[in-house]
4 protein chains.
Amino acid sequence: MINATIRLVREVGYAQTTTRAIAQAAGVAEGTLYRHYPDKAGLFVAAITRQSAPITVWARELPARAGSATVADNLIDCLTRLADLRADIVPFELAMLTDPELARPAATARTSEPGPPEFLAQYLHAEQRIGRIRADVDPVKTAVVLLAVLFGLAVPPRRTTEALGGSWPDIADAVHLILDGVGVPVGD
Amino acid sequence: MINATIRLVREVGYAQTTTRAIAQAAGVAEGTLYRHYPDKAGLFVAAITRQSAPITVWARELPARAGSATVADNLIDCLTRLADLRADIVPFELAMLTDPELARPAATARTSEPGPPEFLAQYLHAEQRIGRIRADVDPVKTAVVLLAVLFGLAVPPRRTTEALGGSWPDIADAVHLILDGVGVPVGD
Amino acid sequence: MINATIRLVREVGYAQTTTRAIAQAAGVAEGTLYRHYPDKAGLFVAAITRQSAPITVWARELPARAGSATVADNLIDCLTRLADLRADIVPFELAMLTDPELARPAATARTSEPGPPEFLAQYLHAEQRIGRIRADVDPVKTAVVLLAVLFGLAVPPRRTTEALGGSWPDIADAVHLILDGVGVPVGD
Amino acid sequence: MINATIRLVREVGYAQTTTRAIAQAAGVAEGTLYRHYPDKAGLFVAAITRQSAPITVWARELPARAGSATVADNLIDCLTRLADLRADIVPFELAMLTDPELARPAATARTSEPGPPEFLAQYLHAEQRIGRIRADVDPVKTAVVLLAVLFGLAVPPRRTTEALGGSWPDIADAVHLILDGVGVPVGD
DNA sequence: CATGAATGAGAATTCATTCAT
DNA sequence: GATGAATGAATTCTCATTCAT
């Protein structure tokens with residue numbers, strides 16, 4: 001049922017993902033949904049929660065990689081994985097932003113536990129200590145900006161890519177931009 | 001009616017913005033909506049279109065500013081204005097991503113005309129020619145990444161800011177990060 | 001729609017009186033019900049309220065009849081009318097006792113205004129003052145007992161009347177019993 | 001299971017007494033209900049039947065009490081016990097009046113066997129023969145009126161008692177009213 | 001026999017859309 | 001052109017009943 005929900009949200013959008021459609025896609029009766037989840041929102045929250053788990057699990061390992069390989073490779077690897085894992089979640093995140101009904105309950109409540117932003121910030125901070133990240137940048141803000149790019153790029157563009165010359169940046173592009181900067185260094 | 005629509009989407013969310021609510025907020029009868037717009041989606045598209053116009057108008061002036069002031073100031077100025085103008089549009093953009101019903105019609109049709117991404121890319125390209133932007137970066141990709149950050153930061157975070165140390169980056173932070181880079185320059 | 005509701009409750013019972021049945025009986029669409037009443041309970045309360053009005057109006061005249069005709073005639077007349085008027089209300093009263101959902105709202109809230117019990121008690125009290133009712137009875141309790149009989153007799157008996165010898169008492173019977181008493185007066 | 005049914009009907013009302021609630025209250029699985037009773041209505045009828053039994057048993061002794069003690073004491077005693085025993089049944093009786101689904105099956109079938117009305121009528125008739133009840137009253141009608149009062153007083157009043165001066169009659173009040181009458185005897 | 005997950009018909013309610021005035 | 005009552009399909013959710021284990 002969760003799989004059916006995720007598939008439907010991805011394929012037809014949150015607005016079209018009715019309980020009837022979910023039940024049909026899951027091959028169960030509509031009433032069966034309510035034996036497993038208290039209501040429709042509960043089902044969606046369960047879907048988000050289940051999809052979110054591996055992301056956090058994976059992000060937890062990130063700080064330990066400070067110092068290994070290169071910063072660019074670590075970030076590209078990290079963000080690429082996050083992007084893959086989040087691909088199915090973005091429609092839900094959009095739905096939660098669109099429909100305040102979904103944003104109420106428990107799932108997001110665990111504000112206490114750290115998530116990808118915190119782990120990414122920890123990683124950047126660790127790299128900073130060993131001199132691979134500039135000392136004067138704020139690791140938390142940098143982490144948030146990186147994740148903002150991730151989210152911004154994950155959202156399907158309304159304008160076709162062709163209009164932009166066909167060069168839609170990928171995560172590696174974004175990471176290199178932010179690592180190297182686009183401005184000419186002062187003093188050159 | 002468009003104003004009422006925009007206000008309602010901002011205040012109560014897209015999901016709660018019913019035709020009845022729009023009519024009431026606009027001080028007209030429900031049926032009157034259909035004298036001016038073919039259907040609800042048409043009204044929303046009209047609202048997006050009207051709100052988008054000043055953004056494009058403003059972005060058009062951007063390339064001409066190449067060389068003046070500093071790159072950082074120009075970008076911060078540009079992106080801050082874009083952010084202000086888009087504040088009312090983001091809920092609609094989210095709604096269009098959530099409800100494919102909205103994404104169908106005319107609004108996206110005008111792919112031919114250039115929009116903010118193109119103008120921002122043109123600006124970056126112009127700065128590149130006069131040596132204020134590194135020569136080896138792709139102006140289009142950079143423009144897209146900047147706008148992705150803009151969108152990513154505009155979306156209200158689900159995790160409270162406090163959990164992140166209270167330092168949610170603003171546009172100036174993001175511009176400086178991307179201009180200067182966070183990595184230690186090779187050769188330092 | 002109120003008429004349809006009253007008719008359906010009388011004919012098929014409260015439990016079977018669904019919004020669909022009401023709409024169909026009223027010859028309107030189901031959604032139309034909600035243009036006139038906030039919800040199903042509101043419709044029922046409106047039906048009860050409308051049917052109750054003439055009863056109270058009529059009972060109001062009762063105290064003024066003290067002294068005229070005979071006590072028995074006045075009571076029989078009064079209670080018979082009340083019974084007629086309440087015939088359509090009894091199923092609703094039963095429904096309100098069965099389904100606590102109905103008992104919540106405003107309709108019954110006007111506890112301040114006097115109803116049939118008060119007027120009946122006033123009448124009995126007036127008759128008491130002119131010596132046509134025994135001085136040692138409590139007019140209020142007597143009024144309540146009379147109305148309790150009325151309600152008890154209005155409820156359709158589960159046992160068929162035949163089993164009881166075919167003599168189901170009518171209101172006149174009950175009034176005479178209560179006026180004259182069934183016991184042999186002490187001292188006779 | 002019957003006990004659970006009775007308790008639930010008393011506590012939460014007939015409308016809220018679902019099969020799931022009954023099963024949970026009885027500590028059995030929902031499907032188990034259907035091993036013992038053909039359907040939900042069958043379970044309710046069984047509950048009514050079982051609760052009704054002691055009432056009839058007790059009422060059977062009533063006629064034999066004619067001549068003993070006083071009529072008032074006998075009636076008050078009888079009706080008080082009936083009221084106690086019926087307290088748990090009244091909600092069911094109301095439910096059966098509200099939901100014709102319940103009124104169909106076996107329970108009403110045993111019209112042949114005498115019940116409280118018959119025994120009460122027999123008692124009154126016996127008292128009549130020994131001159132403690134007026135000779136000109138119909139014992140059956142009187143029994144029905146007494147039971148109607150019983151039922152009418154058992155139904156919780158919708159108007160608060162305070163509005164009526166706080167004097168809600170009890171069974172003794174009602175018995176005395178009906179025995180002695182409220183009218184001034186002709187010839188006084 | 002008991003279980004309890006699954007069922008699916010049906011309930012109340014919402015809301016975009018229509019159309020007679 | 002504006003109105004707003006009426007519409008009815010669609011939605012979420014409930015619950016008595018069944019049946020494989």
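A note on names: the letters A, B, ... follow the listed sequences, proteins ahead of strands, and every chain is numbered from 1.
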Between Q16(C) and P38(B), which has a closest nucleotide on DNA chain E that is more 5'? Q16(C)

So which nucleotide from dT17(E), dA16(F), dA11(E) ends up closest to the side chain of Y34(B)? dT17(E)

Rounded to whole Å, how long is the line connecting atom CG of D39(B) with atom C1' of dT17(E)? 9 Å

Atom-to-atom span, CZ of R20(C) to P of dT7(F) - whole angstrom: 16 Å

Can you tell me how far P of dT11(F) sits from NZ of K40(A), to the nearest Å? 9 Å

Can you confirm whether L94(D) sits close enough to Y14(D) that some side-chain heavy atom of one is under 4.5 Å from a side-chain heavy atom of the other? no

Closest non-hydrogen atoms of P116(C) and T56(C), given as atom of the first, atom of the second and distance, are CD-OG1, 3.9 Å

Toward the 5' end of DNA chain F, which comes first, R35(A) or L33(B), by nearest nucleotide? L33(B)

Whole angstrom value for the distance that separates C1' of dC15(F) from CG of D99(D): 14 Å

If we check side chain to side chain donor-acceptor pair (under 3.5 Å) with T19(A), which of these qualifies: K40(A), E30(A), Q24(A)? E30(A)

Which whole-number value in Å describes the distance from Y37(A) OH to dT12(F) P? 16 Å

I22(D) CD1 - dT3(E) C1' separation (whole Å): 17 Å

OP1, OP2 of dA12(E) versus side-chain N and O of T19(C): anything below 4.0 Å? yes

Do the side chains of E93(B) and F151(B) get nearer than 4.5 Å, heavy atoms only? yes

T17(A) vs H36(B), nearer the 5' end of DNA chain F by closest nucleotide: H36(B)

Could you please name the partner base of dA2(F), counting Watson-Crick and G-U wobble pairs only when both distances are under 3.5 Å? dT21(E)

From OH of Y14(D) over to C1' of dA16(F), roughly how many Å is that when rounded to an integer? 11 Å

Matching residue for F44(B) among T49(B), D99(B), T17(B) - test: side-chain contact (heavy atoms from CB on, under 4.5 Å): T17(B)

With a cut-off of less than 4.0 Å, is there a side-chain N or O of T32(D) near OP1 or OP2 of dT3(E)? yes

Please tell me which of the listed nucleotides, dC15(F), dA12(E), dA16(E), lies nearest to the side chain of E30(B)? dA16(E)

In whole Å, what is the span from the CZ atom of F44(A) to the C1' atom of dC13(F)? 15 Å

